[in-house]
Amino acid sequence: MTDPVSRRIEELRKQIDDHNVRYYIYDSPTVSDAEYDVLMRELESLEAAHGEIIPPESPTQRVGAAPQSELAAVRHRMPMLSLANAMDEEELRAFDERVHRALESDAVIEYVAEPKLDGVAVELVYEDGRFVQGSTRGDGVTGEDITLNLRTIRAIPMALRPLAGIPRLLEVRGEVFMHRDEFEALNRRRAEAGEPLFANPRNSAAGSLRQLDPSVTASRPLRIYCYAPGEIEGLTLADQREFLEILPKWGLPVNLEYHLCRGIAQVTEVYHELEARRESLPYDIDGLVVKLNDFSLQSELGERSRSPRWAIAGKFKARQVTTIIEDIEASVGRTGAVTPIAHLRPVNVSGVTVSRATLHNQDEIDRKDVRIGDTVLVQRAGEVIPEVVKVITEKRPRGVKPYRLPTTCPVCGHEIYRPPDEAVARCVNLVCPAQVQGRFQHFVSKGAMDIDGLGEKLVAQLVAAGKVKSVADIYNLAYDDLVNLERMGHKSTENLLAAIEASKETSFARLVYALGIRNVGEHLARVLERAFNGSVEHFLSTSGDDLEAINEVGPIVADGIVRFIRDESNVAVIRAILEAGVHVTPPEATGVAVKVLAGQTFVFTGTLEHITRQEAEALVERLGGRASSSVSKKTSYVVAGTGAGSKLEKAKVLGVAVLGEEGFLELVGRSRL
Ligand code: IVH
């Protein structure tokens, strides 16, 4: 096979496989989807024209098998076990104590901690490097043959890359799952096609894998991460870490978010850190899997009936619970957007009592068919307000009617307008009290001017009494304006006046954020502060082009800002605020003026000893750099503390410079603390 066409075919197959590895393992594609498709099409047409037999490992051969009439049973060579659960930190420590007792050792034990993916467990079998069979877990002993469906998952290599010696037999277990955004896009496509929606990514992955027609599976955005060995012949591995390191060399995806932990304290640290971060991951996880690293210690401990003694799943708190919708309120925000808010019978969701959930807009209400009186599944997603995931229609009381948003503003009675191509309906009355009120509320909030004691009720009274028309009027409030209001007295008035006074000493970022310019959140306000060096005057006289020249400011944001500062009444308010004595402290009056780290991005991983991660990140930002939580080609430095795991791995793979803690402190010119 040395003719140019054959060579090109080989080259294309290799390139496509490489792109899959970069995309599915390292999350760092180097081509767009369209460019990838061009390669695929070229390969398809060359293969067709060349007329040679196309090997089953070619990327073009993933789909194409005819539908089956049933899924055959497959017996696993080694049973696929499940995991015992630890419900909290204490139970993780108890697990560690059991391990110590069983091993009769008080030496520090190494564990590997991995995110517990919420998907579907599968087994892949490679013989002499070729993917020959894949199956579901089933009852652990016998599963279903889903080889043809698994072949359609691009993240699964059809042949192992020979970067590491290839074992005669390799069985690996892993989880098939979907990214949340890809799942949502799938559901949107289904909604448009009038097909029933999946409740969550896991159900969707499970349903997709058990299709009789592989072309259906091929149309679903499935991914896989491998995490456990089955039977392996022709290669001996010492521990889980070695296993997780060799898999990507073969082209098998591993979730790089794993940590090698020395001792249970590092495990519990990872457990809390990951739980705090779970909503910012692109996929659903429901816990942390903790495994004894050493394979020989694993076999020393052995198994109970269905789960190994050497591993445990540290579960996170449930983020989805059911409750009842008692009412739906149309709430008018400070931009006039009318958002339907569900009033819920209060429930505890991952440790927080929840009584309201957003229903987003009328389209979402229609899509989920949410009605007052329904029993619903609600979930908390990170910082944002909880949302209604789905209705449990079986529990719907008789006679409840579909819900429609009002056509007039519930606050001012003005017409509500929904532009034809937008999902959001708005009250278009600029002086609608809800918007005025909302703007005030935002202005005084914590991250903004931070005026303690100016709560919702008080603002409402001040607005209603005509004491404040614009936010600047807050700074002209006198004792007599406040003391006679409801729930106010001498002491609370004094306190409030003191809080207003204290808020006058502020920063550019707080002030600009407080103004409530569309798309200008706290982070962007800080970006602007840096760009304008804290000068409100420069900011007010800026242009769209100047704004777009700032890293992180795109045309939409720039447009919103320009519209805001070109509006005379807005400028008048800003001037009034400054005249009332609000003073903007220049950024870094402390003297660090040299932005030595400008344009550089840092990722911190592992535990730092002389400085906390927050301090280190703040330091980077103060010196003009950026701190990020994920490693990419654009990362300038990864700073690795003790126990650094996957991010360090990824840095090495991508060729990103790695610094130790001391190297970092040296770089920023600070002696050790
Ligand atoms: S190891 C004996 N690692 O959790 C080891 N399982 O309750 C068993 N899972 O069936 C599996 N992420 O579906 C392992 N990093 C991970 C995992 C993981 C998710 C699932 C898997 C398994 C279930 C056990």
Side-chain angles (χ1 to χ4, degrees), residues 25 76-87 91-92 95 99 111-124 134-144 146 150 155 171-179 200-206 208-210 222-232 237 239-245 247-248 252-261 267 270-271 274-275 278 281-295 297-316 318 645-646 649:
I25 307 186
H76 302 297
R77 256 171 269 223
M78 263 167 64
M80 285 179 78
L81 301 173
S82 65
L83 293 168
N85 291 332
M87 301 315 291
E91 293 187 13
L92 280 174
F95 161 74
V99 171
Y111 295 104
V112 171
E114 307 165 10
K116 185 168 189 297
L117 291 160
D118 202 4
V120 183
V122 300
E123 176 165 78
L124 311 176
S135 52
T136 60
R137 175 167 175 272
D139 62 7
V141 177
T142 312
E144 286 175 310
I146 51 165
L150 290 172
E171 289 183 346
V172 279
R173 281 86 191 263
E175 200 86 348
V176 171
F177 65 102
M178 285 185 190
H179 275 193
N200 55 49
R202 193 205 36 238
N203 287 2
S204 170
S208 304
L209 278 182
R210 298 192 63 257
L222 295 170
R223 295 169 178 255
I224 191 171
Y225 277 144
C226 300
Y227 49 63
E231 203 133 288
I232 301 180
L237 297 169
D239 55 39
Q240 174 72 1
R241 203 251 283 253
E242 196 184 345
F243 174 69
L244 292 177
E245 278 180 358
L247 290 181
L252 285 163
V254 162
N255 189 348
L256 296 175
E257 288 275 354
Y258 67 85
H259 291 267
L260 180 68
C261 301
V267 170
V270 173
Y271 173 66
L274 192 66
E275 177 157 29
R278 70 191 285 202
L281 296 175
Y283 42 78
D284 287 345
I285 59 172
D286 57 358
L288 181 76
V289 181
V290 182
K291 301 170 182 174
L292 201 59
N293 185 35
D294 191 308
F295 283 158
L297 294 184
Q298 283 187 6
S299 28
E300 202 176 318
L301 278 182
E303 274 95 43
R304 271 175 301 250
S305 58
R306 305 192 55 121
S307 58
R309 266 190 269 271
W310 46 264
I312 197 153
K315 301 281 277 190
F316 296 151
S646 56
E649 276 310 305

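Just so you know, ligand 1 is whichever comes first in the structure, and atom 1 is the first atom listed for that ligand. Nothing here was measured: the structure is a model prediction, and the numbers come from that model.
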K.L.:
Tell me whether R241 at atom CZ has more than 12 heavy atoms from other residues, nucleotides or ligands lying less than 6.0 Å away.
P.N.:
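It does not: R241 CZ has 12 such atoms or fewer within range.
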K.L.:
Would you name the heavy atoms of L81 and R306 that are closest together and state the gap between them?
P.N.:
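So the two residues come closest at CB-O, 3.3 Å.
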K.L.:
Would a line drawn from the ring center of Y227 to the ring center of F243 be shorter than 6.0 Å?
P.N.:
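Aromatic pair excluded; centres sit 6.0 Å or further apart.
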K.L.:
Dump the pairs for me: ligand 1 N or O, protein N or O, distance under 3.5 Å, to 0.1 Å.
P.N.:
unit_1, atom_1, unit_2, atom_2, d
ligand 1, 3 (N), K291, NZ, 3.0
ligand 1, 4 (O), K116, NZ, 3.3
ligand 1, 7 (O), L83, N, 3.3
ligand 1, 12 (N), L117, N, 3.2
ligand 1, 13 (O), E175, OE1, 2.6
ligand 1, 13 (O), E175, OE2, 3.2
ligand 1, 13 (O), Y227, OH, 3.3
ligand 1, 15 (N), E114, OE1, 2.7
ligand 1, 15 (N), P115, O, 3.4

K.L.:
Is the ring pair Y283/H179 parallel, tilted or perpendicular, if the boundaries are 30 and 60 degrees?
P.N.:
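Answer is tilted, since the angle falls between 30° and 60°.
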K.L.:
Any idea how Y271 and F316 line up, ring-wise: parallel (<30°), tilted (30 to 60°), or perpendicular (>60°)?
P.N.:
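Ring orientation of Y271 relative to F316: tilted.
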K.L.:
Which of these, L244, N255, L274, sits in a side-chain contact (heavy atoms from CB on, under 4.5 Å) with E114?
P.N.:
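Per the side-chain contact (heavy atoms from CB on, under 4.5 Å) rule, the option paired with E114 is L244, out of L244, N255, L274.
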